[in-house]
Student: 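Pasting in a structure now, in structure tokens, and then I'll have a few things to ask.
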Protein chains: 2
Amino acid sequence: MSRDRTRGRRTERRERRLEARATGVPKTAQPVSRFQVYEVLNDEELEKIHQASMEILSSIGIDFYDEEALSILREHGADVRGETVFFDPGLVEEYVAKAPSQFTQLARNPDNNVIIGGKHLCFAPVYGPPFVIDLDRGRREARLVDFQDFIKLAYMNPYMHHSGGTIVEPTDRPVDTRHLDMVYSHIKYSDKAFMGSVMSAENAADSVRMAEIVFGAEEIREQPALISLINISSPRRLDDRMLGALKTYARARQATIITPFILSGAMAPVSVAGTLAQQNAEALAGIIFAQMCEAGTPVVYGSFQTNIDLQSGSPVFGSPESQLALLASAQLARRYNLPFRSGGMFSSSKIADAQAAYESVQVMLPTIMAPVNFVLHAAGWLEGGLTAGYEKFVLDCELLGMYHTFLKGIDLSEEGMAMESLRTVPPGSHHLGTPHTMRHFRTAFYRAELFDTRPFEQWQEEGAEDAYKRANGKFKALLKEYEPPQLDEAIDEELQEFVERRSKKLMIEH
Amino acid sequence: MSRDRTRGRRTERRERRLEARATGVPKTAQPVSRFQVYEVLNDEELEKIHQASMEILSSIGIDFYDEEALSILREHGADVRGETVFFDPGLVEEYVAKAPSQFTQLARNPDNNVIIGGKHLCFAPVYGPPFVIDLDRGRREARLVDFQDFIKLAYMNPYMHHSGGTIVEPTDRPVDTRHLDMVYSHIKYSDKAFMGSVMSAENAADSVRMAEIVFGAEEIREQPALISLINISSPRRLDDRMLGALKTYARARQATIITPFILSGAMAPVSVAGTLAQQNAEALAGIIFAQMCEAGTPVVYGSFQTNIDLQSGSPVFGSPESQLALLASAQLARRYNLPFRSGGMFSSSKIADAQAAYESVQVMLPTIMAPVNFVLHAAGWLEGGLTAGYEKFVLDCELLGMYHTFLKGIDLSEEGMAMESLRTVPPGSHHLGTPHTMRHFRTAFYRAELFDTRPFEQWQEEGAEDAYKRANGKFKALLKEYEPPQLDEAIDEELQEFVERRSKKLMIEH
């Protein structure tokens with residue numbers, strides 16, 4: 001293909017994407033924290049965790065269950081013995097330094113491009129539940145229609161910056177081709193950035209190809225159009241499926257989030273510090289490997305660290321141990337100058353009750369204060385991640401709105417100080433009708449629609465609904481109002497053809 | 001009274017108090033934050049708020065509705081014009097500097113003495129609701145038996161450091177003598193520190209007298225046995241009842257919390273910065289006045305700042321504006337080297353639902369991270385403070401336990417690093433039975449009893465209870481188990497005689 005033809009195509013695609021801006025949904029602006037970071041380790045303590053993980057990397061080793069991966073690691077200077085790989089600190093430093101500290105992920109609507117890194121925060125929906133729940137239909141296996149409903153809810157919410165990935169598992173679709181349905185749905189029903197499939201190298205390649213159709217093959221090598229979740233099988237293992245996906249994405253310069261998934265007491269010791277050391281070694285091993293595949297490919301340092309209940313073995317969310325782990329992990333990511341993923345609105349609760357809300361904010365507020373750059377599971381998570389709740393989703397979104405206001409900080413301009421009002425309103429009087437109040441009446445305070453402030457008697461007369469019930473009305477109203485964003489017909493057709501062709505092939509092969 | 005007799009009595013009282021230690025309730029240890037403070041203003045911004053409040057104090061003025069107070073202020077160098085008082089910055093600095101930065105409040109059980117200031121946190125129950133609610137009996141007017149029930153719940157909880165004050169209004173008791181019932185109940189049903197009445201100078205004097213009976217008159221001048229809540233009637237007013245109580249407590253060297261009660265948009269401008277400037281001026285005015293009454297008397301800088309919903313006029317809790325206000329107020333208190341009171345488990349919700357929990361943690365976690373020294377309303381608050389919830393109380397207490405663990409930080413000792421386990425557990429295996437896990441099995445993680453982590457099916461089969469329902473069972477079980485702490489019979493008799501005598505007198509007078 002000649003250079004000119006390429007440029008022509010690229011321009012054309014850019015124009016199509018720019019056209020997509022004209023939608024009725026409010027623009028999603030990422031918050032940027034203007035505050036200091038919140039730290040739970042001093043420099044010496046942070047160094048102690050770092051050193052312990054260097055011991056793990058250099059002397060204890062990490063297993064890679066993929067022949068090609070082992071070759072790549074060997075070629076780039078790692079010490080490979082069988083399937084176990086040892087990294088000396090110099091090698092760690094060298095390859096970690098190749099990763100960018102910040103990058104931009106493309107969205108179909110360029111207004112919704114997201115910056116991952118620095119003090120930017122990006123909120124994405126829950127990821128992975130095989131079940132969904134709502135008050136009308138109860139708990140049930142998730143289907144593609146649920147998957148699409150959650151895309152719509154995320155698309156319509158101005159505080160959700162990202163369309164996410166496997167928001168729920170569309171269990172009514174064949175396992176082998178499900179990834180095609182999911183990626184296509186993200187493109188079709190939203191214009192926000194989305195995630196790729198990580199089930200295998202092949203699925204990852206399909207995700208990349210679909211992103212190329214939408215954004216252009218060269219464009220997505222310059223700035224990634226996919227961000228994908230590579231979980232480490234703790235302790236100290238990267239399995240072949242995840243490595244297959246990781247290689248594919250790294251070589252395509254698509255972003256990956258390298259996350260050891262750790263419940264202290266099961267996959268790691270019952271101590272926060274020991275678990276941090278293990279997590280750090282595992283995350284760095286994945287990040288180094290990605291950089292060996294393709295230097296400079298965007299990677300995110302991921303942490304999913306909580307603990308089990310030692311009496312039942314169940315995972316616990318919102319625990320103080322998980323708060324400490326999150327804040328310390330953010331410090332580790334910053335130490336290596338890497339974008340950071342953690343947090344979310346986690347809960348063990350089966351329904352959107354007080355427990356769900358207590359636990360969710362227990363994790364989410366440290367997430368905001370850390371701050372975390374990429375916040376997966378920012379809405380909808382229930383039952384330890386087994387269920388996505390429709391009501392929980394819209395309730396969590398109320399909090400996301402609050403965090404946008406919080407992160408802006410305090411307005412200390414002359415107008416913000418309001419000295420004229422302070423001078424003129426007499427003692428014992430009120431500010432309800434002052435010129436200052438009238439000027440800011442509509443925008444002064446964030447308003448959480450689902451949080452009731454009516455007097456008790458009025459609340460009782462009007463049905464005494466709890467937050468769960470109010471959220472039920474809200475999500476149904478939103479889904480009724482939904483209108484899809486524009487999608488260029490030629491692109492849509494090309495995508496549909498691709499999905500059809502690949503689906504047929506995959507159904508025959510498997 | 002001779003010195004020797006005084007010493008004899010004092011020793012005797014100390015001994016009696018020491019005997020009170022032998023109870024079945026776990027010792028309540030205050031958490032001390034080992035983390036940095038979380039700040040939302042830089043130094044320059046903080047100075048801007050300070051300067052604005054200096055303008056209010058020196059040029060706009062604060063009203064004091066009490067003749068004697070105005071005389072005291074005039075005598076100590078304030079510029080008094082009518083009922084409006086102006087303070088120049090030098091005078092502010094001089095008198096604020098007289099207040100101690102930290103003090104210890106005595107508890108009947110000396111193990112439960114609390115430190116107010118520094119990086120210590122002290123949790124106290126909800127204060128003030130005229131209503132109570134629980135799932136069995138619904139919402140109703142609070143009675144003395146409710147008041148006593150909440151004292152018992154606070155007494156039994158190892159994470160609640162304080163017995164509080166007017167936990168609920170005992171509306172079945174006569175208004176004029178209610179304070180006697182409340183103070184007596186705190187002493188009788190708990191051995192934790194408690195608060196005095198602020199309804200009038202007379203009620204304050206009764207509270208002091210009862211504290212003297214328990215602790216000794218000279219003892220409580222050395223270390224306060226009462227801490228009491230003086231609210232400023234914003235904007236810029238101190239009324240006669242509050243000033244009466246403030247004078248009494250200050251002269252008796254009993255601690256007071258000077259708190260402007262402000263809803264932005266009503267008692268202050270619709271901006272956080274303007275409200276902070278007003279709050280700061282008002283709090284400092286009260287603190288200066290207390291120091292003019294009695295130099296060195298313990299005072300706490302209080303902040304109760306949130307906003308109204310501008311559409312309905314109702315107060316809003318858990319708002320991002322209130323989070324910013326809380327964190328900035330903590331910075332102001334630190335600027336003046338004063339202990340700080342703010343925060344609590346606030347909500348507008350009528351019941352212990354998701355809204356109640358979201359809003360509560362939204363305020364409580366910044367409270368922990370600020371940190372706040374005296375946390376009133378740390379459990380039980382519902383409906384904007386109009387109702388105390390039994391279930392809400394025990395649910396909130398679960399979080400208080402979590403905060404104790406959080407504030408301890410990460411154990412980085414050799415045992416905490418768990419390197420031996422990290423070295424020996426092979427990839428893909430687990431840490432469930434390691435020697436390290438076995439050593440820490442019972443204490444490794446904080447366990448929230450009311451937060452369910454069972455699998456969905458089991459939870460459903462066992463009744464599908466939400467957190468609200470589980471909390472209902474919990475508070476009733478606790479009240480059944482309750483056993484009162486020891487109280488010296490002679491002291492109890494003296495208290496009862498005092499209450500009887502004063503009650504008769506007050507009933508005749510009013």
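So that the names make sense, note that chain A is the first sequence line, chain B the second, and so on, each numbered from 1. As the structure is a computational prediction, the values presented were derived from the model and not from experiment.
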Student: Give, as side chain, backbone, both or neither, the part of Ala52(B) having an atom under 4.5 angstrom from any heavy atom of chain A.
Tutor: both
Student: Answer yes or no: is there a side-chain heavy-atom contact under 4.5 Å between Ser234(A) and Gln279(A)?
Tutor: no
Student: At a heavy-atom separation under 4.5 Å, does Glu55(B) approach chain A through its side chain, its backbone, both, or neither?
Tutor: side chain
Student: Heavy-atom distance under 4.5 Å to chain A: side chain of Phe451(B), backbone, both or neither?
Tutor: both
Student: More than 12 non-hydrogen atoms from neighbouring residues, nucleotides or ligands closer than 6.0 Å to CD on Glu414(B), yes or no?
Tutor: no
Student: Based on non-hydrogen pairs under 4.5 Å, which of Tyr446(A), Phe406(A), Phe445(A) is most in contact with chain B?
Tutor: Phe445(A)
Student: As an exercise: rank Thr405(A), Leu310(A), Thr275(A) by heavy-atom pairs under 4.5 Å with chain B and give me the winner.
Tutor: Leu310(A)
Student: A side-chain contact here means heavy atoms from C-beta on lying under 4.5 Å apart; do Met345(A) and Leu400(A) qualify?
Tutor: yes
Student: Side chain, backbone, both or neither: which part of Arg470(B) has a heavy atom under 4.5 Å from chain A?
Tutor: side chain
Student: Can you tell which of Val40(A), Asn42(A), Asp63(A) has the highest number of heavy-atom pairs within less than 4.5 Å of chain B?
Tutor: Val40(A)
Student: Quick one: of Asp466(B), Leu324(B), Ile60(B), who has the most non-hydrogen atom pairs under 4.5 Å with chain A?
Tutor: Leu324(B)
Student: Measure the shortest side-chain to side-chain distance between Val270(B) and Asn307(B) over non-hydrogen atoms and say whether it is less than 4.5 angstrom.
Tutor: no
Student: Most heavy-atom pairs under 4.5 angstrom with chain A, which of Thr437(B), Asp411(B), Leu395(B), Val272(B)?
Tutor: Leu395(B)
Student: Could you look at Glu383(B) and say if it's the side chain, the backbone, both or neither that has a heavy atom under 4.5 Å from chain A?
Tutor: side chain
Student: Quick one, Ile262(A) and Glu282(A) - any side-chain contact, counting heavy atoms below 4.5 Å?
Tutor: yes
Student: Between chain A and each of His436(B), Arg423(B), Lys392(B), count heavy-atom pairs under 4.5 Å; write down the option with the most.
Tutor: Arg423(B)
Student: Pick one of side chain, backbone, both or neither for Ser264(B), based on which atoms fall under 4.5 Å of a heavy atom in chain A.
Tutor: both
Student: Taking the side chain as C-beta and beyond, is there a heavy-atom pair between Leu412(B) and Ile49(A) under 4.5 Å?
Tutor: yes
Student: Is any side-chain heavy atom of Leu386(A) closer than 4.5 Å to a side-chain heavy atom of Phe456(B)?
Tutor: no
Student: Report which part of Met402(B) has an atom under 4.5 Å of a heavy atom belonging to chain A: side chain, backbone, both, or neither.
Tutor: both
Student: Under a 4.5 Å heavy-atom cutoff, which of Ile56(A), Leu365(A), Leu432(A) has the most pairs with chain B?
Tutor: Leu365(A)
Student: Leu41(B) versus chain A, heavy atoms under 4.5 Å apart: side chain, backbone, both or neither?
Tutor: side chain
Student: Counting C-beta onward and ignoring hydrogens, is there a side-chain heavy-atom pair between Trp459(B) and Asp452(B) closer than 4.5 Å?
Tutor: yes
Student: Output the distance between atom OG (Ser319(A)) and atom CZ (Arg447(B)), rounded to the nearest 0.5 Å.
Tutor: 13.0 Å
Student: Checking Ser429(B) side chain against Val425(B) main chain: does a donor-acceptor pair fall under 3.5 Å?
Tutor: no
Student: Working to the nearest 0.5 angstrom, can you tell me the gap between Ser329(B) OG and Asn280(B) CG?
Tutor: 8.0 Å
Student: Identify which of Gln278(B), Glu398(B), Glu359(B), Met369(B) forms the greatest number of heavy-atom pairs closer than 4.5 Å to chain A.
Tutor: Met369(B)
Student: Examine whether an atom of Arg439(A) lies under 4.5 Å from a heavy atom of chain B, and if so say whether it belongs to the side chain, the backbone or both; otherwise answer neither.
Tutor: neither
Student: Which atoms of Arg442(A) come close to chain B, meaning under 4.5 Å heavy atom to heavy atom: side chain ones, backbone ones, both, or neither?
Tutor: neither
Student: Examine whether an atom of Phe131(B) lies under 4.5 Å from a heavy atom of chain A, and if so say whether it belongs to the side chain, the backbone or both; otherwise answer neither.
Tutor: neither
Student: Which one wins on heavy-atom pair count under 4.5 Å against chain B: Gln311(A), His430(A), Gln460(A), His404(A)?
Tutor: Gln311(A)
Student: If you count heavy-atom pairs under 4.5 Å with chain A, which of His431(B), Met364(B), Gln323(B), Glu39(B) comes out on top?
Tutor: His431(B)
Student: Could you tell me if the side chain of Phe317(A) sits less than 4.5 Å from the side chain of Gln355(A), heavy atoms only?
Tutor: no
Student: Name the region of Leu399(A), side chain, backbone, both or neither, that has any atom closer than 4.5 Å to a heavy atom of chain B.
Tutor: side chain
Student: With a 4.5 angstrom heavy-atom cut-off, which part of Asp396(B) approaches chain A: side chain, backbone, both or neither?
Tutor: both
Student: Could you check which of Gly313(A), Ser314(A), Ala418(A), Gly428(A) has the highest count of heavy-atom pairs closer than 4.5 Å to chain B?
Tutor: Gly428(A)
Student: Between Leu327(B) and chain A, with a heavy-atom cut-off of 4.5 Å, which part of the residue counts as in contact: side chain, backbone, both or neither?
Tutor: side chain
Student: Just wondering, are more than 12 heavy atoms of other shown residues or ligands nearer than 6.0 Å to CD in Glu44(A)?
Tutor: no
Student: Walk me through whether Thr306(B) and Leu263(B) qualify under side-chain contact (heavy atoms from CB on, under 4.5 Å).
Tutor: CA-CA 5 Å; Thr306(B) 186; Leu263(B) 307 174; 3.5 Å; yes
Student: If we define contacts as heavy-atom pairs under 4.5 Å, which of Lys48(B), His440(B), Lys408(B) has the most with chain A?
Tutor: Lys48(B)
Student: For Leu276(B), which atoms come within 4.5 Å of any heavy atom of chain A: side chain, backbone, both, or neither?
Tutor: side chain
Student: May I ask you to decide whether Glu83(B) forms a salt bridge with Arg237(B), counting only side-chain N to carboxylate O separations under 4.0 Å?
Tutor: no
Student: Taking the basic N atoms (NZ, or NE/NH1/NH2) and the acidic carboxylate oxygens, is any pair closer than 4.0 Å for Glu462(A) and Lys350(B)?
Tutor: no
